[in-house]
Amino acid sequence: MRSDPCGLLRRADVGRTVQLGGWVHRSRDLGGLVFIDLRDRTGLLQLAFGPAWSAVEVQQLAASVGVESVILCEGEVVAREPERVNPEMGTGEVEVRVTSFRVVGPAVTPALPVARGRGEKMPAEELRLRHRYLDLRRPELQENLVLRHRLLQVSRRFLTDHGYLELETPILTKPTPEGARDYLVPSRVHPGEFYALPQSPQIYKQLFMCCGFDRYFQIARCFRDEDLRADRQPEFTQIDIEASFIERQDIMTLAEGLIGSMWREAGHHDVPTQFERMTYADAMEFYGCDRPDLRYELRIRDYSSVFASLDFAVTKTALANGARVRGVVLPGGGAWSRKQVDELEALAKGAGAGGLLRLRKADGEYDGPLAKFLTDDAKAALALNDGDLALFVAAADRISSPALDRVRQECARRLELIDDKAQRFLWVLDFPMFEEDPETGALAAVHHPFTAPHADDMAAYPDEPARWRALAYDVVLNGTELGGGSIRTSDPATQSRMFALLGIGDAEEQERRFGFLLEGLRAGAPPHGGIAFGFDRIAMLLSGAPSLRDVIAFPKTTAARSLYEGAPVAVPAEDLAQLHISVRESRAGNIRE
RNA sequence: GGGGGCGUAGCUCAGUUUGGUUAGAGCACUCGACUGUCACUCGAGAGGUCGCGGGUUCGAGCCCCGUCGCUCCCGCCA
């Protein structure tokens, strides 16, 4: 039916008679001559129709066929004369003079354009999703999905070559009370009981290790019933990895290799073989967040000692209460208007800070509420240059870190400090094992409850689990988390203790909720650990797409709906009855489960 | 759960500031002309529940209230 994909014909094919099939991308009817740009996933090709080589019926058909119709044709590949070469087309040196032509899939007028003119804006997201069968025809989205395919293949190849087995885990699993909300699936055979869709294959992959599979990976679909974002879908794909008889370093080396292979596949050949490393403590101290963007500095510094000597009420009180005064110095920020700095303060307040203390230096003079309190020693310690703006937050670290994080991100953007060509990969290491709820003091796992703490921390502070660091690691690129993992607790007694520290002290409850993991560990567990990568996010970064929706064929809207098929939907009462589910009406009168 | 933006022709938008005749443009579509175009060009035509509902008014695309949808962000995402 087809001798060639249309986008691959080149000068070397001149003289061949070819059979082609594809979609009418655009057409130009010049009266005596007709041109059609034929499209398939390999690209565009110009078909030419003229009285010298096309029969009258063929010319008439070509002139009347609508865009997006599917056609089959036959013709001869001819070279274009030099002045008629189209350098923007891969096939621009040739065209096909069509001798026979058939419309096999006539198309109604498309609801939104597939072929866009230069500078023409994209249709609204809602329409693109509703008419996804057209949107996915656009070369940009086709390229994204083709890249996605290549990234999956190169990952499978890399991991397979390193001895990893691709093993599958169930989609119908057990609800997990911690973490994100589960998608629940009612059981028909067991009235009132529910499966959950997996948030991740975590426990299964650890059991694989207990079973001796030694090295596992899976391109795993995961589900979380939380609110969406541009970079968050309820259903997403992760590259999930676990290995036995390994240490943290082994997983990090493997991950660096895997990332390198994906980045090379996407055309980036300058990925370092070893990524930079930073402890969580340093990341929080100097960047205010656990996934710093190293493309710019604007480091946060501790100015507590400078302020300790100043008779300034705000900072004095804060310091007396055990807080610190931390801040950033912004070269050139002194030129910003009052309003522009107010906007920064709004960001800091949005992150929980009471406000931002401002200090500006211009022509050797200091300006701001602090200025008249500054001693010569303080001025020397601050070391401001003319044109600098310094912004301080006097608060506990858990307030000042996120506040200064947002401020410095916005300032880096304003000061155009971000080199968008740079790729700064970073390992963030030694996350705390637990975080303490500031009100209740209750512990929650920072990574997850199966992560192993540093053995020496447990030994040094046996009764202060809040001080334990975890053998966890995140890999970060330019401020975006690509993946994260940890060495797991393989000793069942330690695992049991972790559950107890997280408030699940009751042995029976532990067995009920995590029994099948604990049993697996008790049956002989090797030391093991792993990592998982957010694959959609990686595909988004490598394709340059602005949204996860542009690298997922059929994504959900931010309200978690599919607009093309119209899911979710209400189901007939008899179907619900089979599932032993009754539905009550919400205030708005809409049906809700 | 909260906040911001958007919703006008098939698509992208103008019109909303200050309510006032028959709501416009470009692209797409239909018809016509055209033998080297490649965002072809030129001429003509058709195409509207101004998201939806209610209110104010002599009169609403425009003002008010509500609601729905899309989107961005906060919360949330072990």
Side-chain angles (χ1 to χ4, degrees), chain A residues 25-38 44-54 59 63-64 66-68 78 80-81 83-89 91-92 95 97 108-131 134-135 176-182 199-200 202-203 222-234 236 346-347 349-352 402 406 431 433-435 443-451 470 472 481 484 486 498-499 502-504 534 546-547 549 556-559 561 563 588-590:
Chain A
H25 189 66
R26 237 195 287 270
S27 64
R28 296 171 290 282
D29 179 358
L30 274 61
L33 287 174
V34 177
F35 298 98
I36 288 178
D37 291 339
L38 189 65
L44 292 173
L45 170 72
Q46 175 163 280
L47 305 179
F49 302 78
W53 61 87
S54 311
Q59 293 180 65
S64 65
V67 290
E68 294 310 316
V78 299
R80 297 200 199 184
E81 291 171 31
E83 66 273 18
R84 292 185 188 148
V85 164
N86 183 344
E88 288 174 21
M89 260 184 182
T91 58
E95 65 186 15
R97 298 201 163 167
V108 297
T109 302
L112 45 88
V114 175
R116 270 187 313 143
R118 274 196 271 281
E120 193 178 321
K121 282 194 184 173
M122 204 88 95
E125 187 95 33
E126 182 177 358
L127 294 161
R128 293 179 49 202
L129 292 173
R130 199 178 299 288
H131 304 288
L134 289 172
D135 198 35
T176 51
E178 287 85 19
R181 275 185 284 268
D182 288 320
Q199 295 180 32
S200 95
Q202 181 63 34
I203 292 181
C222 304
F223 307 85
R224 291 179 191 173
D225 188 5
E226 296 291 345
D227 287 349
L228 283 73
R229 288 282 190 284
D231 61 352
R232 228 159 65 190
Q233 283 274 311
F236 59 98
L347 285 176
K349 285 183 173 172
R406 288 189 197 179
F431 281 75
M433 186 66 211
F434 302 104
E435 62 190 348
L443 295 181
V446 168
H447 188 56
H448 57 55
F450 318 113
T451 298
E481 183 189 334
S486 64
M498 291 301 143
F499 289 141
L502 291 166
I504 317 168
S547 161
R549 292 184 295 272
K556 304 287 186 284
T557 68
T558 49
R561 285 191 174 280
L563 295 183
N590 297 328

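These figures come from a predicted structure and were not determined experimentally. Chain A is the first sequence line, chain B the second, and so forth, proteins listed ahead of strands; every chain is numbered from 1.
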Euclidean distance, atom [atom1] of residue [X] to atom [atom2] of [N] [Å, nearest integer]:
X: A/R406; N: B/G75; atom1: CZ; atom2: C1'; answer: 10 Å
X: A/R26; N: B/C40; atom1: CZ; atom2: C1'; answer: 11 Å
X: A/E95; N: B/U35; atom1: CD; atom2: C1'; answer: 12 Å
X: A/R116; N: B/C27; atom1: CZ; atom2: P; answer: 17 Å
X: A/E226; N: B/C77; atom1: CD; atom2: P; answer: 6 Å
X: A/R224; N: B/C76; atom1: CZ; atom2: P; answer: 15 Å

So for [X] and [N], does any side-chain atom that can act as donor or acceptor lie under 3.5 Å from a complementary atom in the base?
X: A/R229; N: B/G75; answer: yes
X: A/E126; N: B/U71; answer: no
X: A/R128; N: B/C70; answer: no

Pairs under 3.5 angstrom, nitrogen or oxygen only, protein versus nucleotides 3-9 of chain B, please.
none

Quick one: which of [options] gets closest to the side chain of [X]?
X: A/A180; options: B/C77, B/C38, B/C29; answer: B/C77
X: A/D227; options: B/U35, B/G1, B/C11; answer: B/G1
X: A/R28; options: B/C72, B/C38, B/C29; answer: B/C38

Under 4.0 Å between a side-chain N/O of A/T109 and OP1 or OP2 of B/G10, yes or no? no
Distance check: side-chain N/O of A/R232 vs OP1/OP2 of B/C76, anything under 4.0 Å? no
Using a heavy-atom cut-off of 4.0 Å across all strands, would you classify A/R97 as base, sugar-phosphate, or nothing?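 Here A/R97 touches the bases of the nucleic acid.
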Would you say the side-chain atoms of A/T91 and A/Q46 include a donor-acceptor pair closer than 3.5 Å? no
Checking N1-N3 plus N6-O4 or O6-N4 for Watson-Crick, or N1-O2 and O6-N3 for wobble, each under 3.5 Å, the partner of B/G7 is B/C68
Need the pair for B/G48. Rule: Watson-Crick or G-U wobble, both distances under 3.5 Å, any strand; none if unpaired. none
